[in-house]
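Throughout, protein chains are lettered first and strands after them, A, B, ... in sequence-line order, and every chain is numbered starting at 1.
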Amino acid sequence: MPFKRDRKGNKKEKPPAHLKGKQIGLYYAQKSKQKKELQRNRPLGAILLSAAKKDQIQKVLNSTSLQNLFTVDGGSYDHVADSIFKRDFLRVINETIDEKLMKNPSIPVQDERLSERLYEEYMSKQDNVKYNKMNKKRKKLPSYNMKDEILKVVNESQIVVISGETGCGKTTQVAQFILDDFIEKKKGSECKILCTQPRRISAIAVAQRVAEERAENLGDSVGYHIRLERRSPRDRGSVCFCTTGIVLKMMENDPSLSTISHLILDEIHERDVMSDFILALIKKIITKRKDLKIILMSATLNSEKFSKYYNNAPHVNIPGFTFPVTEFYLEDVIFRTGYIFDHKKISREKIRTYSDFIEPHVRQLEATKQYNRHVCIQLRNPECENINLKLILELLIDICQKEKDKGAILIFLTGFQDISSLSKMISDSGYFPPYQYLVFPLHSLMPTVEQKQIFEEPPHGMRKIIIATNIAETSITIDDVVYVIDCGKIKVTNFDAATNSDILAPQWVSLANANQRRGRAGRVKPGICFHMYSKAREMLLEQFQLPEILRKRLEDVILTAKVLQLGDIEPFFRELIDSPDPETVTLALDLLKRLNALTDDEKLTPLGYHLAKLPMAPQMGKMILFGAIFSCLDPILSVAASLDFKDPFQLPVGKEKEVTRMKLELSRGIKSDHLLFHEALKGFEAHAYDYRNFCWKYFLSVHALKQLQDMKKQFMEYLHEMNFVPDSNPKSLECNRNSHNMSLIKAIICAGLYPNVAISKVLGRAPIWTPNMQKLQLHPKSVLAECKYFDSNILVYYRKIYSNSYFVHDASLIHALPVVFFGDKFHRFYEGDNNMISINQNLKFKCTESTALIIKELRDRFNWFLEYKISHPGPIIWGKNDETKVLEVIMELITCEEMVLDDNAFEDCD
DNA sequence: GAGCACTGC
């Protein structure tokens with residue numbers, strides 16, 4: 001065979017002599033495609049079971065009679081023993097929400113004595129000094145002037161849209177107007193208001209503020225309810241501020257919100273999935289509950305859209321009040337700083353597109369002589385549209401030297417890298433000595449987000465500079481900001497149905513974002529905002545960011561819809577304000593069917609029913625159910641909570657290397673980010689008295705760990721309520737018989753995360769690939785990224801996001817058997833003389849015929865058992881009867897495999 | 001030799 005050598009000197013096959021020019025290229029393309037195909041088809045390894053082991057398994061299989069317990073009967077579930085589970089499950093799959101609403105009418109509460117008492121209490125408060133002092137402040141709010149108009153509209157119609165900008169006071173006042181009106185009319189007992197907020201902190205903060213205005217403590221007429229935390233107000237004559245998710249969960253049991261008189265949905269312009277979802281549910285509810293009042297509150301910009309959605313519901317607009325903020329654009333910044341942009345090589349086409357866009361604007365500037373020639377030349381350079389940290393630094397220096405007001409400066413950037421670089425540039429520049437400037441990088445991963453200092457007034461003679469992501473747009477509010485520098489970009493994850501993956505990319509902000517950023521400069525006095533984009537660019541900005549429902553995977557949303565008994569998904573999605581892409585819907589339905597959460601005709605399975613009830617992504621739900629069955633819950637709860645909420649590690653600027661080192665130390669050589677999360681929580685929970693030192697040492701967020709610990713408890717309560725565990729303590733012995741078995745825990749992680757499997761072609765080497773040979777990279781934050789040698793070629797992961805390339809953010813190295821036992825679509829086949837098995841066609845393993853048969857039987861037996869257990873929830877009783885024998889065999893195989901392969905790995909290393 | 005928007009049950 002003819003060879004030639006490639007650039008690296010390796011032998012390379014020559015193309016046939018008759019091929020010329022382009023054909024040679026095509027020949028090589030074909031070759032590489034074939035090579036990829038070959039790799040795709042290559043088995044990942046061999047599965048070996050000794051004859052003695054097989055004998056032992058066969059004995060267990062012969063001695064148990066589990067298959068008699070369960071026969072599938074075409075969806076009627078007659079075989080399922082009568083139980084609470086069966087009753088609830090059948091109701092959810094067979095009844096529609098409309099039928100449920102009919103059965104659940106509201107009972108108006110009229111308690112004259114209570115109303116009288118509430119009235120007396122309210123009247124006596126009118127002389128309260130503190131109350132009156134607060135009232136004076138309230139009366140200055142723009143919304144206060146519109147009290148009568150708001151009450152009139154709310155009285156006259158079932159649905160009202162109230163719009164107003166920040167500072168108008170709608171969030172704190174509207175609920176109080178309604179409540180006080182009821183009380184004054186001696187109808188206080190008939191009023192029970194629920195008011196939603198999109199974020200946890202705002203629910204608490206608003207409740208505290210309102211209680212203060214009423215000169216009361218939380219728990220009287222005002223309370224809050226967020227996940228894992230609540231201060232309920234009195235039952236009647238009250239307002240409860242809660243997160244949107246809480247209301248959605250309430251509706252699972254009581255879709256008509258039968259005890260509520262008023263539902264206020266605040267900040268609906270943010271268009272998060274949950275509030276969009278509730279908006280659609282309201283349409284169904286209002287026809288059955290004519291007495292329920294709905295008040296929708298949004299920013300002014302898109303309030304019309306909501307009014308139209310409800311058949312032109314009446315709309316009240318409240319003028320806002322903030323201090324004026326002067327706006328400047330890139331033109332002004334270039335003028336001020338005299339900055340000169342570099343010239344970078346870009347394609348001719350991009351130059352032309354840019355020039356078509358900017359030329360009319362620059363010509364106009366030239367004609368009006370608003371700016372000098374320099375500005376016009378610079379604007380014509382396409383480079384001026386990229387984020388330029390040097391220019392931002394020069395602007396910052398200019399502000400500090402020339403502007404008289406010494407208020408705080410807030411800079412919006414897109415991500416960790418930029419924030420970190422700009423912080424370094426600021427301290428290296430020499431213009432910002434630490435005794436005059438307090439510089440705070442602000443990012444969800446940075447420890448500064450938990451520092452009080454950011455909110456406080458700086459010491460005399462010092463000035464705050466905050467460099468933040470969009471976290472400072474809504475989540476974190478710093479009052480004394482006077483200058484805002486807005487880079488004009490924002491990072492957003494979009495789900496891409498074509499590649500079935502999330503894409504994280506910077507894009508231009510929407511006008512709504514830009515307004516919000518600008519508004520951050522005018523909270524206490526007049527401010528200045530610098531937008532780092534031209535007036536021409538502003539003309540092209542979208543009004544709003546894409547609503548979340550168009551950017552997300554839809555598995556969770558579909559499960560929620562199912563458990564709310566909304567029937568077929570597509571008709572319901574069509575009723576939403578914006579309907580998601582059908583392709584994304586299909587992908588989500590397919591995955592739910594593969595997880596065995598939905599049947600082929602889109603009905604919830606018993607497993608799906610449990611997954612829908614659990615407050616987490618379905619993969620994590622499956623994981624904790626398996627953790628309960630295999631009695632290794634505590635570690636699995638830690639993993640599930642961390643993956644579903646957030647990993648507790650922080651990343652201080654400039655400490656990247658050290659964080660990596662400490663993570664490796666904590667992971668003790670186990671190649672799994674998931675087990676690292678478990679170690680973090682284990683350490684935190686073990687150091688009851690000096691957890692702060694532990695957290696400090698390993699760069700862990702105390703706040704995040706506490707919340708994760710609470711989530712574990714909550715998950716346990718759900719499992720207990722579902723009757724999968726005997727009590728609700730995550731640490732209880734019955735639930736943790738096997739919690740020391742790391743191989744088992746990794747196998748259960750695999751059971752939850754499957755089909756998110758990645759493989760490396762060469763044992764122990766990066767790069768890694770999807771089974772369909774898409775190239776992946778381990779994210780540098782993963783402990784596996786540092787790993788020089790893998791002792792297996794299979795790993796499972798939860799998050800895969802495309803940014804510069806496809807990054808796997810968290811991973812665990814696992815061996816073959818967990819995939820073989822817990823993966824779907826098991827096949828046995830021959831390749832030549834070799835007996836093979838495959839999972840989902842794309843993960844192949846060699847093995848003998850008898851091994852394949854015995855594994856298949858074990859798998860079938862386990863799946864029977866699983867299906868039985870899921871539809872007959874009850875704690876597993878170990879060692880007493882047949883049911884645990886199959887589990888024990890599987891566990892033993894999984895554990896042995898790891899030990900054998902570890903030895904092989906050592907030999908390979910030598 | 002790498003790099004990580006933000007919420008929520």
(Q) Need two values: the first and the last nucleotide of DNA chain B, 5' to 3', having an atom under 4.0 Å from any heavy-atom of chain A. (A) B:dA2 to B:dC9
(Q) Please classify the nucleic acid contact of A:L445 as base, sugar-phosphate, or nothing, using heavy-atom distances under 4.0 Å. (A) base
Q: Check every strand shown and say whether A:I490 touches a base, only sugar-phosphate, or nothing at a heavy-atom separation below 4.0 Å.
A: nothing
Q) How about A:D486 and A:H531: does a side-chain donor come under 3.5 Å of a side-chain acceptor? A) yes
Q: Would you check if there is a donor-acceptor pair between the side chains of A:S275 and A:D272 at a distance under 3.5 Å?
A: yes
(Q) Over all strands shown, is A:R227 touching base, sugar-phosphate only, or nothing at heavy-atom distances under 4.0 angstrom? (A) base
Q) Which comes earlier along DNA chain B counting from the 5' end, the contact point of A:H809 or that of A:M274, where each point is its nearest nucleotide? A) A:H809
Q: Would you indicate what A:D644 reaches in the nucleic acid, counting non-hydrogen atoms under 4.0 angstrom: base, sugar-phosphate, or nothing?
A: base
(Q) Students often get this wrong, so: under 4.0 angstrom with heavy atoms, is A:P780 touching a base, only sugar-phosphate, or nothing? (A) base
(Q) By the 4.0 Å heavy-atom rule, please label A:T493 as base, sugar-phosphate, or nothing. (A) base
Q: Name the nucleic acid region contacted by A:I226, choosing base, sugar-phosphate or nothing; use a 4.0 angstrom heavy-atom cut-off, strictly under.
A: sugar-phosphate
Q. Base, sugar-phosphate, or nothing for A:S803, non-hydrogen atoms under 4.0 angstrom?
A. sugar-phosphate
Q: Please name the residue in the list A:I204, A:I226, A:L218 that meets the side chain to side chain contact (heavy atoms under 4.5 Å, CB included) test with A:R231.
A: A:L218
Q: Before accepting this row, confirm whether a basic side-chain N of the pair A:R520/A:E473 lies closer than 4.0 Å to the acidic partner's carboxylate O.
A: no
(Q) What contact category does A:Q197 fall into here, base, sugar-phosphate, or nothing, at under 4.0 angstrom with non-hydrogen atoms? (A) nothing
Q. Which comes earlier along DNA chain B counting from the 5' end, the contact point of A:Q545 or that of A:L614, where each point is its nearest nucleotide?
A. A:Q545
**Q.** A:K390, NZ atom: more than 12 neighbouring heavy atoms under 6.0 Å
**A.** no
Q: Just call it for A:E656: base, sugar-phosphate, or nothing, with non-hydrogen atoms closer than 4.0 Å on any strand.
A: base
(Q) Ring of A:Y698, cation from A:K663 - is the NZ or CZ under 6.0 Å from the centre and inside 45° of the axis? (A) no
Q: Salt-bridge test for A:E267 and A:K170: reply yes if a basic N is under 4.0 Å from a carboxylate O, no otherwise.
A: no
